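Structure, as structure tokens:
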There are 2 protein chains.
Amino acid sequence: MLSKSTEYAIRALVFVQLRNWEQKRPGVGEIAKEIEAPEAYTAKILQTLTKNKLMDSMKGRGGGFFFNDNQSNLTLYDVIHVVEGDACFHKCGFGLKQCNNDNPCPLHEQYKVVRDGFFEIVKTETIQSLSEKIKQGDAVLNRLNT
Amino acid sequence: MLSKSTEYAIRALVFVQLRNWEQKRPGVGEIAKEIEAPEAYTAKILQTLTKNKLMDSMKGRGGGFFFNDNQSNLTLYDVIHVVEGDACFHKCGFGLKQCNNDNPCPLHEQYKVVRDGFFEIVKTETIQSLSEKIKQGDAVLNRLNT
DNA sequence: TTATAAAAGGACATCAATGTCCTTTTATAA
DNA sequence: TTATAAAAGGACATTGATGTCCTTTTATAA
Ligand code: FES
Ligand code: FES
């Protein structure tokens, strides 16, 4: 399971992409509202993302968040890597100190399939591919009421 | 990813099973040492397990932990359920409030496969099946040095 | 029957993840 | 040039997971 911070980050980035496609650059307030996260906490996460160049921002009047031309193929892995690290793609599912093909824990063979399957997803899907599905109406960014 | 507590719990139960097969009933100290967990914390986790009837225990001299006849097919799911709850099998991977087939998030289709795959594993594998692999020498309970 | 060994249980401590608040920096509009 | 709006940043607060310590209960051996 991804951390709450990572989930906020991914959904924030998707929202920024959707707004960018409408020629808009959302600010912290608008983003936080959309992803239903506390505003100040959202600001911290957005800071991490821009500091790590996953997204760009402008200060001052008319400022906000946006992607530049180098940031238009951002995998979910890139986001996870920056926000919570990639331990979950290497860890032993049984709790051993390291996962090891040659000296496996009793869950190794089955767990590896699941872990690698998730890795494949986050290496394949991008902020842009998710945003596209939402733009096409094939998926949603948030639940309607409550 | 499972919580540390759950990992400790699963490994503790496997160790108890292995010792039981040797006609032994390990105590907290022996278990904690084997799974490389703090002794007092291990004691707490073992308490949770016995309180929830996943395992039995005897107090007093010669006491320790063991499985009774009703506890010989304990799925990993049972353990997870008791120690950390089963949220991870229902949660939306994208962070929406609920996962919903009819109103999916953009990760739903792919994420569901992984999530259900893990569910299948923990519903199929048991403390006894894992212990058997270790007894047969096909898997290990801990890493050797350090 | 008593001393001892072991699990059970309660209270507290530490740490990382999550969340809040306030100040500083900076770009733009007036 | 100044006022304003917005992100950046620092410091602190809260909460849940993890970890520690000490006392109580209970079964057995001597
Ligand atoms: S050794 Fe445990 S998952 Fe690989
Ligand atoms: S709605 Fe997101 S995983 Fe099902």
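Naming: A, B, ... by sequence-line order, numbering from 1 per chain. Everything numeric here is computed off the predicted structure, so don't read it as measured data.
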Derivation and outcome, salt bridge (charged side-chain N to carboxylate O under 4.0 Å, His left out), residues Lys44(A) and Glu39(A): CA-CA 9 Å; Lys44(A) 287 299 176 210; Glu39(A) 182 164 329; over 6 Å; no
Taking any strand in view, what nucleotide pairs with [N] in a Watson-Crick or G-U wobble way, both distances under 3.5 Å?
| N | answer |
| --- | --- |
| dA30(D) | dT1(C) |
| dT15(D) | dA16(C) |
| dT25(C) | dA6(D) |

Distance in angstrom units between [X] [atom1] and [N] [atom2], rounded:
| X | N | atom1 | atom2 | value |
| --- | --- | --- | --- | --- |
| Leu49(B) | dA7(C) | CG | C1' | 13 Å |
| Phe66(B) | dA7(C) | CZ | C1' | 12 Å |
| Arg19(A) | dA6(D) | CZ | P | 13 Å |
| Tyr8(A) | dG19(C) | OH | P | 4 Å |
| Glu39(A) | dA7(D) | CD | C1' | 11 Å |
| Arg25(B) | dT26(D) | CZ | P | 18 Å |
| Gln47(B) | dA8(C) | CD | P | 6 Å |
| Lys44(A) | dA13(D) | NZ | P | 15 Å |

Sugar-phosphate only, base, or nothing, as touched by Gly64(A) at under 4.0 Å among non-hydrogen atoms: sugar-phosphate
pair Leu107(B)-Leu76(A): side-chain heavy atoms closer than 4.5 Å: yes
N or O in side chain of Thr50(A) less than 4.0 angstrom from dA8(D) OP1/OP2: yes
Below 4.0 Å: OP1/OP2 of dT18(D) and any side-chain N or O of Ser5(B): yes
Aromatic ring pairing Phe89(A)/Tyr77(A), orientation class (parallel under 30°, perpendicular over 60°, tilted between): tilted
Polar pair under 3.5 Å, donor/acceptor by atom type, side chain Lys4(B), base dG19(D): no
Glu132(B)-Gln136(B) side chain donor-acceptor pair, cut-off 3.5 Å: yes
Electrostatic pair Glu22(A):Arg19(A) at N-O distance under 4.0 angstrom: yes
